2 protein chains.
Amino acid sequence: MPVGLDEQEIKALDHLLNQRHRIRRGEHLHRAGLDFHSLYAVRSGFFKTYVLQEDGREQVTGFHMTGEVLGLDAISTDMHTCNAVALEDSEVCEIPFVKLEEIGRAIPSLMHHFHKIMSREIVHDRGMLLLGGMKAGERLATFLLNLSYRFAKRGYSPSDFNLRMTREEIGSYLGLKLETVSRALSRLQEDGLIDVNSKHIRLTDIGRLRRQTGNSFCE
Amino acid sequence: MPVGLDEQEIKALDHLLNQRHRIRRGEHLHRAGLDFHSLYAVRSGFFKTYVLQEDGREQVTGFHMTGEVLGLDAISTDMHTCNAVALEDSEVCEIPFVKLEEIGRAIPSLMHHFHKIMSREIVHDRGMLLLGGMKAGERLATFLLNLSYRFAKRGYSPSDFNLRMTREEIGSYLGLKLETVSRALSRLQEDGLIDVNSKHIRLTDIGRLRRQTGNSFCE
DNA sequence: GATCTATTTTGATTTAAATCAAAACAGAGT
DNA sequence: ACTCTGTTTTGATTTAAATCAAAATAGATC
């Protein structure tokens, strides 16, 4: 991403990005309460982040795919505030945060890029507030379009993909119960906007789906 | 906040923080779509950020008080993604972002501090997701406790304050209608957890109020 | 202080989603 | 192929919040 590096800088960057880890489906990348040392860039696979409420309920806070960065929330307190678990076999690149700040000082464009990543996270999270005013079907449509957008950006089909998460996890993320998620999906199918086959989704009318959301962010 | 600066650095910082602006109640600090150049630190007063949906509805995305930083969302696209309006006469400090990155390179602790601020924003926004699973009364309790926490941190009473926003704005932020907000407040009063006098709020039983939220973040 | 407007409260009714319950289905392991 | 378990769908009922409506209150302006 940053260009025009000298040999020294390339070596530093290389070292920064050279710690790969395989995380198998079901394994945790980090847990709430643990000391923060590194960010993790998802190289491949799919993650869910969540927090455990006092009553034991699990609240899903996000889904994360290739190219996205995990752990940004932990910078503020030097402690992870959520759990991150792989929903499929995945690979991450560990980025020690102290080193990132160090190298960022030498390579301003890298630092700036990092700031954009953090900011994008804020925009995305804030966009979730828009769900507050929406009905179940609109929330689902927004969710599917957001996934579609992110898949497309990575070169996958924007209209044909498999959900890695359960209806319950979707519901938790969107503030709905799993039965409501299921019903909303069935409804969107009846209306001819999508095809649902358990975890496999086909968006058959993206234009109408987008109108369905009332408006809103598809990122 | 950062310590041990030499004269050069102090001068740079001074220049960075020297652009004050008065914003009167009702005036906008920035609007969605405008080019991004500067962050704004709230020196005094109270702001609301919001986006206008296609259907004309206003969605409130946040409330911001002294010491908080506005404009972090705009870094990602070099364009403001929301509107910021003063809910009372306010003063802000303009921080040109290019300069912040420049000076941050010279003063690592300043840069690190900035990263914590951005991260804190992510934590806060993500905490809003927890509202998804809550009932109206729980959302209101969470909201009031969060305000209380922020007032306390600034040296104001944590249990006695004036709301700067309307019931409709609270509702928009929390995903409720204004009538529901009003009813939930009345209910919390009946139950002896708070005293409501239109915009003036007194938290009479913070412990019970906290239990009321089910749990969750008061920041 | 009186008037006007915006905000807030409260009530009655409707609606969407949660809850309760059961059946259908899918995937993993034997 | 069969069983077990976890997931998903669908239906009936209850519940919380939205909506519709009107009165009460507060603030701003003259």
Side-chain angles (χ1 to χ4, degrees), chain A residues 24-26 48 53 55 57-60 85 87-89 131-144 162-191 194-202 212-214, chain B residues 24-26 48 53 55 57-60 85 87-89 131-144 162-191 194-202 212-214:
Chain A
R24 269 191 302 243
R25 181 187 148 96
K48 165 183 86 168
Q53 319 246 66
D55 55 18
R57 262 193 346 104
E58 168 182 315
Q59 169 68 52
V60 174
V85 63
L87 294 185
E88 61 183 44
D89 290 355
L131 296 180
M134 294 184 190
K135 301 204 185 305
E138 298 171 335
R139 291 187 197 200
L140 251 300
T142 303
F143 175 71
L144 293 175
N162 283 298
L163 298 174
R164 268 73 169 187
M165 71 296 283
T166 67
R167 304 288 192 261
E168 186 165 23
E169 288 166 335
I170 296 174
S172 172
Y173 185 56
L174 298 179
L176 301 169
K177 292 295 169 189
L178 71 100
E179 297 95 326
T180 307
V181 172
S182 178
R183 272 186 254 267
L185 286 173
S186 301
R187 188 71 213 286
L188 289 173
Q189 178 164 243
E190 276 173 46
D191 295 348
I194 65 176
D195 267 4
V196 185
N197 278 93
S198 67
K199 289 248 191 322
H200 183 255
I201 304 281
R202 229 159 50 80
Q212 174 77 212
T213 66
Chain B
R24 268 191 304 243
R25 181 188 150 96
K48 164 183 86 167
Q53 319 247 65
D55 55 18
R57 260 192 347 104
E58 167 182 318
Q59 170 69 50
V60 175
V85 63
L87 294 185
E88 60 182 47
D89 291 354
L131 296 181
M134 294 185 190
K135 301 203 185 307
E138 298 171 335
R139 292 187 197 199
L140 250 301
T142 304
F143 175 71
L144 293 175
N162 282 298
L163 298 175
R164 268 74 170 188
M165 70 297 282
T166 66
R167 304 286 192 263
E168 185 164 25
E169 289 165 335
I170 296 173
S172 172
Y173 185 56
L174 298 179
L176 301 168
K177 292 296 169 188
L178 72 99
E179 296 95 326
T180 307
V181 172
S182 178
R183 272 186 255 267
L185 286 174
S186 300
R187 187 71 213 286
L188 289 173
Q189 179 163 242
E190 275 174 43
D191 294 349
I194 64 176
D195 267 4
V196 185
N197 278 92
S198 67
K199 288 251 192 320
H200 183 256
I201 304 281
R202 229 160 52 78
Q212 176 77 212
T213 67

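Labels below follow one simple rule: chain letters A, B, ... track the order of the sequence lines, proteins then strands, and each chain is numbered from 1. What you are looking at is a predicted structure, and each value in this text was computed from that prediction instead of being measured. For the numbers below, each heavy atom of this structure counts, side chains included, while hydrogens, waters and symmetry mates do not.
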Requested in this report: Check whether the side chain of B:Arg183 and the base of D:dT19 form a donor-acceptor pair under 3.5 Å.
Outcome: yes
Query raised in the report: Rounded to whole angstroms, how far apart are CG on A:Leu176 and P on D:dA17?
Result: 14 Å
Report task. Measure from CG on A:Leu163 to P on C:dA26 and round the result to the nearest Å. Result -> 15 Å
Query raised in the report: Does B:Ser186 have a side-chain nitrogen or oxygen under 4.0 Å from the phosphate oxygens OP1 or OP2 of C:dT10?
Result: yes
Query raised in the report: A:Asn162 CG to D:dT7 C1': how many Å, rounded?
Result: 15 Å
**Report entry** Closest-nucleotide 5' rank along DNA chain D - winner of B:Arg25 and A:Met165
**Finding:** A:Met165
**Report entry** Distance, rounded to the nearest Å, where A:Lys135 contributes NZ and C:dA17 contributes P
**Finding:** 6 Å
**Report entry** Over 12 foreign heavy atoms within 6.0 Å of CZ, A:Arg57
**Finding:** yes
Query raised in the report: Under 4.0 Å: is that the gap between some side-chain N or O of A:Thr180 and OP1 or OP2 of C:dA18?
Result: yes
Query raised in the report: Do any side-chain nitrogens or oxygens of A:Lys199 fall under 4.0 Å of OP1 or OP2 in C:dA26?
Result: no
Report task. Measure from CD on B:Glu138 to P on C:dA18 and round the result to the nearest Å. Result -> 13 Å
Query raised in the report: Where do A:Ile194 and A:Leu140 land on the side-chain contact (heavy atoms from CB on, under 4.5 Å) test, with the steps shown first?
Result: CA-CA 11 Å; A:Ile194 65 176; A:Leu140 251 300; over 6 Å; no
Requested in this report: Check whether any side-chain heavy atom of A:Leu185 sits under 4.5 Å from a side-chain heavy atom of A:Leu144, and report yes or no.
Outcome: yes
Requested in this report: Send over the distance from B:Leu140 CG to D:dA16 C1', rounded to a whole Å.
Outcome: 14 Å
**Report entry** Nucleotide of C:dT9, C:dA21, C:dA18 approaching B:Val196 most closely (side-chain heavy atoms)
**Finding:** C:dT9
Query - First of A:Glu179 and A:Ser198 reached from the 5' end of DNA chain C, by closest nucleotide - result: A:Glu179
Query raised in the report: Contact class for A:Gly175 (heavy atom, under 4.0 Å): base, sugar-phosphate, or nothing?
Result: sugar-phosphate
Query raised in the report: Should B:Ile201 and B:Leu163 count as side-chain neighbours, where that means a heavy-atom distance under 4.5 Å?
Result: yes
Report task. State which of D:dT8, D:dA18, C:dT8 makes the closest approach to the side chain of B:Arg167. Result -> C:dT8
Requested in this report: Check every strand shown and say whether A:Thr166 touches a base, only sugar-phosphate, or nothing at a heavy-atom separation below 4.0 Å.
Outcome: sugar-phosphate
Query raised in the report: In whole angstroms, how far is the P atom of D:dA17 from the CD1 atom of B:Ile170?
Result: 16 Å
**Report entry** Between C:dA17 (P) and A:Leu178 (CG): distance, integer Å
**Finding:** 15 Å
Report task. Could you pull out the closest heavy-atom pair between A:Lys48 and A:Glu58, with the gap in Å? Result -> NZ-OE2, 2.6 Å
